[in-house]
Amino acid sequence: MKTTCPWQLNVKDFRIMSGLRKRPHLKRPLWIIILVTFVIIFLITAYVSPLSSSTACYFFSSGDCTLYQSPSFPARELSDEETISQVVIKEILNTPPIQSADSKIAFLFLTPGTLPFELLWDKFLRGHEGRFSVYVHASREKPGHTSQYFIDRDIHSENVDWGKISMVDAERRLLAHALLDPDNLQFVLLSDSCVPLHNFDYVYNYLMHTNVSFIDCFVDLGPHGTGRYSEHMMPEVEKAAFRKGSQWFSMKRQHAIIVMADSLYYSKFRLYCKPNFEGRNCYADEHYLPTFFNMIDPGGIANRSVTYVDWSEGKWHPRSFRAEDISFEFLKNLSSIDDGIHITSDPKRRVFYGPCLWNNVKRPCYLFARKFYPDTLNRLLINFSNYTAL
């Protein structure tokens, strides 16, 4: 979508601004006063609110925000719990990343039961043994597996209720099991309706050769963003730090360990971010990780997800794709998107666009996509080699 510029500079305007038009000798041009005023306001705003928390930094990532990688902890006197948490987080962030000759991606499947796209994932993973691990959290029923890569990869699972803290608990449970393998250096959360958009080598290089985690994070001042915040989260979580984002992440090992180590900030969301609390519907899976990493390592996340979701219908749930939607052109278009989008929930429904950067280079945004109905499997299998080879 292109936005229309609200003004245009013509030759007449240029003459006026360059002083070619005659004016009273001592009268100051109004445009200079206005310009100076705006410059002063901009400088004050930039000083109070650095780029790391601005809209621009949400998309100009993977290196453009590295000036702000220091955790943004408050200047007030901290509680014992906060001090302990800061010490642990800073030590983990300052620890050099683990180097492994057999670096692997851990694919974490969060599903209620059967994985309808297991055959597609088998095709995606085949031939790359030793470079990935699979973990399945099935919250309702134990799935039967057809792929060798999924057999015996189910972990101990608990019930998961949509919108409740149990969703975050399941994510943490998957991370904990995957962290037991020291060769797992990247951790990707996927649902039962997720499919790959690129081949394995492309995904592996995309994730292994960047030093940020792809965690979605943006400011939504509307009722479904900041409007979900509870003052009970004070003082550890301030309203200005509250963020929103997709739950579908790709996370590096350091960040996964920090999530495991956190109990202080997690407990705030467990207690005060839940449906119908004080008349608000706060969903922890949309706010805990975005807010947490915005506070402790804002320059270490890309402020976007690598999993495509279509919210264009403006409903509570994203658009779902059926078999008739699947074509080579459709999949090619998804895999080629290189501009991200965030839509706020305030009355103006503001839309923010920005380039998806990978190590300061514009690259396709998405490695995976959802939500696909099971009836799309055959068409996905037929087109897989073609669209993932692009």
Side-chain angles (χ1 to χ4, degrees), residues 1-3 55 58-59 61 109-112 115-117 120-121 124 162-163 167 188-198 202-203 206 214-220 222-225 243-250 283 285-287 289-290 302-346 348-356 362-384 386-388 390:
M1 181 183 296
K2 293 184 178 179
T3 56
T55 303
Y58 297 150
F59 291 110
S61 54
F109 288 88
L110 181 57
T111 175
L115 289 165
F117 298 106
L120 181 64
W121 286 105
F124 170 79
W162 178 80
M167 186 76 76
V188 180
L189 183 68
L190 300 162
S191 76
D192 56 312
S193 68
C194 282
V195 302
L197 292 179
H198 297 271
Y202 183 95
V203 171
Y206 196 107
F214 293 94
I215 297 172
D216 195 22
C217 175
F218 70 104
V219 177
D220 178 0
H224 305 311
R243 295 290 185 270
K244 183 180 180 179
S246 168
Q247 76 177 106
W248 308 106
F249 61 74
S250 175
Y283 306 116
D285 58 279
E286 294 183 5
H287 296 285
L289 289 181
N303 298 297
R304 64 180 176 91
S305 174
V306 287
T307 299
Y308 174 82
V309 184
D310 184 352
W311 289 99
S312 62
E313 295 180 340
K315 299 178 180 179
W316 280 99
H317 294 284
R319 177 188 174 191
S320 295
F321 302 108
R322 304 304 302 244
E324 55 268 26
D325 297 314
I326 308 304
S327 67
F328 171 76
E329 288 300 323
F330 168 76
L331 296 167
K332 175 184 176 182
N333 288 338
L334 289 189
S335 64
S336 302
I337 295 172
D338 56 8
D339 284 303
I341 180 174
H342 283 140
I343 304 174
T344 67
S345 63
D346 58 78
K348 293 183 178 180
R349 293 282 292 175
R350 289 174 293 175
V351 180
F352 296 111
Y353 289 90
C356 293
K362 191 173 184 180
R363 295 283 292 274
C365 301
Y366 304 111
L367 305 178
F368 317 100
R370 63 186 302 266
K371 301 178 61 169
F372 289 77
Y373 277 105
D375 67 1
T376 62
L377 176 61
N378 287 336
R379 292 197 177 188
L380 288 168
L381 286 171
I382 291 171
N383 286 283
F384 177 78
N386 293 326
Y387 75 81
T388 59
L390 298 175

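Everything numeric in this text was worked out from a predicted model, so none of it was measured. These numbers come from the heavy atoms of this one structure, side chains and all, not from hydrogens, waters or symmetry mates.
Qualifying ring pair (Phe, Tyr, Trp, His ring centres under 6.0 Å) partners for Phe372, counting only residues two or more places apart in sequence or in other chains: Phe321. Legend: residues meeting salt bridge (Lys or Arg N to Asp or Glu O under 4.0 Å) with Arg363, ordered by chain and number and at least two apart, are absent. For Asp310, the side-chain hydrogen bond (donor to acceptor under 3.5 Å, both in side chains) partners are Ser312, not counting sequence neighbours. Applying the salt bridge (Lys or Arg N to Asp or Glu O under 4.0 Å) rule to Asp220 yields the partners Lys244; only residues at least two apart in sequence or on another chain are considered. By the disulfide bond (SG atoms under 2.5 Å apart) test, Cys194 pairs with no residue at all, sequence neighbours left out.
Taking every heavy atom of both residues into account, Cys217 and Pro290 meet most closely at SG-O, 3.6 Å. Counting all heavy atoms, side chain and backbone alike, Pro196 lies closest to Phe124 at CB-CD1, 3.7 Å. Residues Met167 and Trp162 approach most closely at CE-CA, 4.1 Å, considering heavy atoms. Scanning both residues, Ser345 and Pro223, for their nearest heavy atoms gives O-CD, 3.1 Å. Closest approach of Leu120 and Leu381 over heavy atoms only: CA-CD2, 3.8 Å. In this structure, Val219 and Thr344 approach most closely via the heavy-atom pair O-CG2, 4.1 Å.
Annotation: the span from Ile343 atom CD1 to Trp311 atom CH2 amounts to 10.0 Å, rounded to 0.5 Å. Distance SG/Cys356 to CG/Asn303: 11.0 Å, rounded to 0.5 Å. Atoms NE2 and CG, on His224 and Asp346 in that order, are 10.5 Å from each other to the nearest 0.5 Å. From Leu197, atom CG reaches atom CG of Leu380 across 9.5 Å, with rounding to the nearest 0.5 Å. Rounded to the nearest 0.5 angstrom, Leu331 CG and Ser336 OG are separated by 10.5 Å. Put simply, CD1 on Ile382 and CZ on Phe328 are 14.0 Å apart, with the number rounded to the nearest 0.5 Å.
Residues Asp325 and Arg319 form a side-chain contact, since some pair of their non-hydrogen atoms from C-beta on lies under 4.5 Å apart. Inter-residue side-chain proximity for Arg370 and Val195 is flagged as unmet; no heavy-atom pair is nearer than 4.5 Å.
For residues 372-384, the pairs satisfying side-chain hydrogen bond (donor to acceptor under 3.5 Å, both in side chains) are Arg322-Asp375, with sequence neighbours left out.
Side-chain atoms of Asp192 do not come within 3.5 Å of backbone N or O of Thr111 as any donor-acceptor pair. A side-chain donor-acceptor contact under 3.5 Å links Arg304 to the backbone of Cys365.
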Given the rule in the side chain to side chain contact (heavy atoms under 4.5 Å, CB included) test, do Ile337 and Tyr308 qualify, once you have shown the distances and angles that lead to the verdict?
-> CA-CA 9 Å; Ile337 295 172; Tyr308 174 82; 3.8 Å; yes
What do the steps show when you test Leu367 against Tyr202 for side chain to side chain contact (heavy atoms under 4.5 Å, CB included), and what is the final call?
-> CA-CA 9 Å; Leu367 305 178; Tyr202 183 95; 3.8 Å; yes
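Aromatic ring centroids of Trp248 and Phe368 lie 6.0 Å or more apart.
Between Lys362 and Asp339 there is a salt bridge, since at least one side-chain N of the basic residue sits less than 4.0 Å from a carboxylate O of the acidic one.
When the options Tyr366, Tyr206, Phe249 are evaluated for a ring pair (Phe, Tyr, Trp, His ring centres under 6.0 Å) with Phe214, the one that passes is Tyr206. The residue from Leu110, Thr307, Asp216 that alone fulfils the side-chain contact (heavy atoms from CB on, under 4.5 Å) condition with Gln247 is Leu110.
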